[in-house]
Amino acid sequence: MTTTEFDAKAADSGAGATAAFLNKQGGAAETPPERVSQLATEVLTAVHDVIRRHRVTYPEYDALKSWMIGVGQDGEWPLFLDVWVEHVVEDVNNAHHKGNKGTIEGPYYVPDSPVVSENGKGTLPQRADEAGTPLLFAGQVRDLDGAPLPGAKIEIWHADAHGFYSQYAPGLPEWNLRGTVVADGEGRFEITTVRPAPYMIPTDGSCGKLISAAGWHAWRPAHLHLKVSAPGKDQLTAQLYFPGDAHNDDDIASAVKPELMLDPQPAADGNGETVVYDFVLDPE
Ligand code: MBD
Ligand code: FE
């Protein structure tokens, strides 16, 4: 991990992610009791099977209990679920898409980021001395027939060059490296930002305890988060990755797909990198 001017605490980012999630939730889904019963029974049966198969002991059962209590106390249920469960939900729900592959949203999305574009071009909010390689990310948003989608909306958020997300780590400007870009009349966009660093999920909380107790690592490869939308189209939630990252093949969140790999090139003016990536949206 790179050294930073501040220390992000699991309990800070966890509490933030929990509050943000509860805030955006309209309430429980209207799930009929038959389905709740079936899903709950099958999950519990799977747990019972593991206990029987591995003869789980009382000390192990108590360790599980105190760990689960800790996940809640640290506010890490959003982190735990998005890292170890969401990728399957995403897979099941977006398998029918013929356009771009998507991937998980993760715990750090914030809606209504400032619109930073004019005629499809914009720079993400960043500090005057923002660290990291400048990155120009350009592309076009189209439908399945290849028709451009004028005015498509691209929401983008990502970690800084130290691996921290604004609003989930102390000391960062509120909307740092978060913004909304509206594509031009031909669905084209050009976003100026900096390359994010690989992301290490907090190791000082309960998710970190699981990782170290199991001998796993805590890393996600560097990634850009995106939500791309246009009227009449299914919103695409995706992440884009950088070739050569040490964790592209063992992302702790299992969210990398070959279709989501970028191909950055040195910028023509010698200042940083340029990358082109187009989006194809499915109909609603
Ligand atoms: C992240 O930045 C992220 O994208 C996911 C999925 C989980 C934890 C942190
Ligand atoms: Fe992320």
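Start at 1 and go down the list; that is how both ligands and their atoms are numbered. Reckoned from all heavy atoms, side chains included, excluding hydrogens, waters and symmetry mates. One is the number of the first residue; the rest follow in order along the sequence.
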NZ/NE/NH1/NH2 to OD/OE distance under 4.0 Å, E186 and R188:
yes
Do the side chains of K98 and D282 get close enough for a salt bridge, i.e. N-O under 4.0 angstrom?
no
Distance to 0.1 Å, residue and atom name: give those for the protein heavy atom nearest to [atom].
atom                   : answer
atom 8 (C) of ligand 1 : L79 CD1, 3.5 Å
atom 6 (C) of ligand 1 : I104 CD1, 3.3 Å
atom 9 (C) of ligand 1 : Y199 CE2, 3.2 Å
atom 3 (C) of ligand 1 : R220 NH1, 3.4 Å
atom 2 (O) of ligand 1 : Y165 OH, 2.9 Å

Return the name of the atom in H225, of element N, O or S, nearest to the Fe ion (ligand 2).
NE2
Check the angle between the aromatic planes of Y109 and W157 and answer parallel, tilted or perpendicular using the 30° and 60° thresholds.
tilted
Evaluate the ring planes of W77 and W67, with Trp represented by its six-membered ring, and classify them as parallel (under 30°), tilted (30 to 60°) or perpendicular (over 60°).
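If you compare the ring of W77 with that of W67, the planes turn out perpendicular.
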Among P202, P107, A17, closest by heavy atom to atom 5 (C) of ligand 1 is P107
Taking 2.8 Å as the cut-off, does Y165 contribute an N, O or S atom near the Fe ion (ligand 2), distance below it?
yes
Side chain to side chain, V256 and M261, heavy atoms closer than 4.5 Å:
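V256 reaches M261 side chain to side chain.
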Residue part near ligand 1, for E86, under 4.0 Å between non-hydrogen atoms:
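Under 4.0 Å from ligand 1, E86 contributes no heavy atoms.
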Is the distance between the ring centroids of F164 and Y199 under 6.0 Å?
no
Check for me whether the distance between the ring centres of Y165 and H225 falls short of 6.0 Å.
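Judged by ring-centre distance (under 6.0 Å), Y165 and H225 do meet the cut-off.
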Can you list the atoms of ligand 1 that are under 4.0 Å from a heavy atom of G106?
6 (C)
Please list, in number order, the atoms of ligand 1 under 4.0 Å from a heavy atom of H225.
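Result: 2 (O), 4 (O).
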I'd like to know whether CG of N119 has more than 12 heavy-atom contacts from other residues, nucleotides or ligands below 6.0 angstrom.
no
With respect to D82, determine whether any N or O atom, backbone or side chain, lies less than 3.5 Å from an N or O atom of ligand 1.
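Not met; the criterion fails.
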